[in-house]
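Report on the following structure.
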Number of protein chains: 2
Amino acid sequence: MTHDAYTPHNHHHCIDAALNNARSLCAEQGARLTPIRQRVLELVWSSHKPVGAYDLLPTLAAEGFNSAPPTVYRALDFLLGLGLVHRISTLNAFIGCSQPNTDHASCFFICRDCGKAQELAASEVQALTAQVERALGVKVEQQTTELTGLCPACLEQH
Amino acid sequence: MTHDAYTPHNHHHCIDAALNNARSLCAEQGARLTPIRQRVLELVWSSHKPVGAYDLLPTLAAEGFNSAPPTVYRALDFLLGLGLVHRISTLNAFIGCSQPNTDHASCFFICRDCGKAQELAASEVQALTAQVERALGVKVEQQTTELTGLCPACLEQH
DNA sequence: CGTAGAATTGCAACATTATAACTCAATCCA
DNA sequence: TGGATTGAGTTATAATGTTGCAATTCTACG
Ligand SMILES: [Zn+2]
Ligand SMILES: [Zn+2]
Ligand SMILES: [Zn+2]
Ligand SMILES: [Zn+2]
């Protein structure tokens with residue numbers, strides 16, 4: 001975790017890193033990072049706040065891309081498949097993955113005030129998987145955790 | 001946890017227990033368990049599978065209840081507020097809470113094959129909250145975890 | 001009782017999120 | 001080159017969830 005969403009930083013670095021990750025991952029997997037897919041990834045990474053699919057449409061339209069829902073959802077599905085973005089189910093929104101090269105559960109803390117989300121590589125998340133498999137005799141294939149509350153900055157303002 | 005969703009059992013006991021819990025909780029809090037609220041709770045508890053809001057409409061209509069979306073969503077909101085049901089965000093669905101008297105995070109394992117969901121009172125879930133608060137300096141107010149995979153029975157069939 | 005205030009419900013319209021079905025264009029590979 | 005595969009354009013529609021307001025029912029209090 002290089003940049004914390006709640007710590008001021010030059011966010012262009014986040015975007016650049018995300019694009020570089022995407023390019024190398026696509027090259028590696030023989031997947032095509034087409035203009036629209038790349039642009040959608042950039043837009044998702046334009047902040048640390050989860051963004052809705054429909055939020056992207058106006059920007060894409062203004063830039064001359066096709067901007068019908070299927071276009072965006074297809075791009076998002078592609079990015080989800082490669083693990084470059086995560087879906088935040090409680091918000092019906094999407095956010096860039098900050099560790100796209102590792103197989104990991106989707107685990108985020110989301111500030112209910114400023115909306116910024118921080119991905120977590122919590123060891124307890126892995127422990128949870130193991131415990132559930134043991135307790136229930138099941139096989140866990142996917143795991144999403146969404147924590148909501150107040151980030152450090154928003155805590156101070158209250 | 002009296003009944004495991006993946007263990008055969010007389011499910012009427014689950015429904016009865018849920019209704020009794022609801023009645024006493026409502027009495028305690030001065031909340032009104034109106035016919036439609038009670039019926040929605042029963043229907044949510046009619047199986048161990050999360051149920052969509054719109055799935056309830058036809059049944060309610062057939063029983064003479066008003067069956068417009070707001071009716072169901074209001075009943076569900078009421079039940080959510082009392083902690084009698086949980087929302088499964090990844091499925092846009094609702095399921096009865098199996099421990100409605102305790103303040104707890106929403107944590108479920110959901111079988112992707114048979115659809116049955118089991119609520120979990122995992123200690124790791126609590127540990128996760130604490131770890132995140134420590135690591136990020138945030139205040140966690142809410143937490144939902146959804147694990148997907150195969151339950152014991154469906155594991156055998158594969 | 002009887003009535004004011006609050007909570008609940010009925011109802012119509014609408015908003016948001018996501019997908020289906022079919023077409024055509026671009027790219028890849030033999 | 002030619003055929004297969006993949007990606008994108010287009011239109012329509014499905015699925016999920018909300019707003020606003022009027023009508024009704026319940027509750028509390030005198
Ligand atoms: Zn950043
Ligand atoms: Zn914040
Ligand atoms: Zn049961
Ligand atoms: Zn519960």
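Residue numbers start from 1 in every chain, and the chains themselves are labelled A, B, ... in the order their sequence lines are given, proteins ahead of strands.
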Next item on the list: Apply side-chain contact (heavy atoms from CB on, under 4.5 Å) to A/Leu147 and A/Phe108, showing your working.
Entry: CA-CA 6 Å; A/Leu147 303 139; A/Phe108 285 87; over 6 Å; no

Note to self: Is it true that A/Thr102 and A/His104 share a donor-acceptor pair across their side chains at a distance under 3.5 Å?
What the structure shows: yes

Note to self: Between B/Glu146 and A/Thr144, do the side chains contain a donor N or O and an acceptor N or O under 3.5 Å apart?
What the structure shows: no

Notebook entry, point to check: Just checking, is any N or O donor in the side chain of A/Glu119 or A/His86 under 3.5 Å from an acceptor N or O on the other one?
Noted result: yes

Checklist line | A/His12 atom NE2: more than 12 heavy-atom contacts under 6.0 Å | finding: no

Next item on the list: Would you kindly say whether B/Thr145 and A/Thr145 are connected by a side-chain donor-acceptor distance under 3.5 Å?
Entry: yes

Margin query: With each end axis built from five pairs of C1' atoms, what bend angle do you get for the helix from C/dC1-D/dG30 to C/dA30-D/dT1? Round to 10°.
Written below: 30°

Check: Going through the checks in order, is the side-chain contact (heavy atoms from CB on, under 4.5 Å) test met by B/Phe65 and B/Thr71?
Finding: CA-CA 9 Å; B/Phe65 287 102; B/Thr71 299; over 6 Å; no

Margin query: Assess, by modelled atom type and distance only, whether the side chains of B/Thr148 and A/Glu141 contain a donor and an acceptor separated by less than 3.5 Å.
Written below: no

Next item on the list: Can you see which heavy atom on A/Cys114 is nearest to which on A/Cys154, and at what distance?
Entry: CB-SG, 3.6 Å

Margin query: Check the phosphate of C/dT9 against B/Thr34, side-chain N and O only, distance under 4.0 Å to OP1 or OP2. Yes or no?
Written below: yes

Notebook entry, point to check: Going 5' to 3' on DNA chain D, which nucleotide is the first and which the last to come under 4.0 Å of a heavy atom in chain A?
Noted result: D/dG7 to D/dT11

Next item on the list: For nucleotides 15-30 of chain C, just jot down a letter per nucleotide in 5' to 3' order: B, S or -, based on protein non-hydrogen atoms under 4.0 Å.
Entry: --BBBB------S---

Note to self: I'd like to know if B/Leu150 and A/Val140 are part of one continuous hydrophobic network [Ile/Leu/Val/Met/Phe/Trp/Tyr, side-chain heavy atoms within less than 4.5 Å].
What the structure shows: no

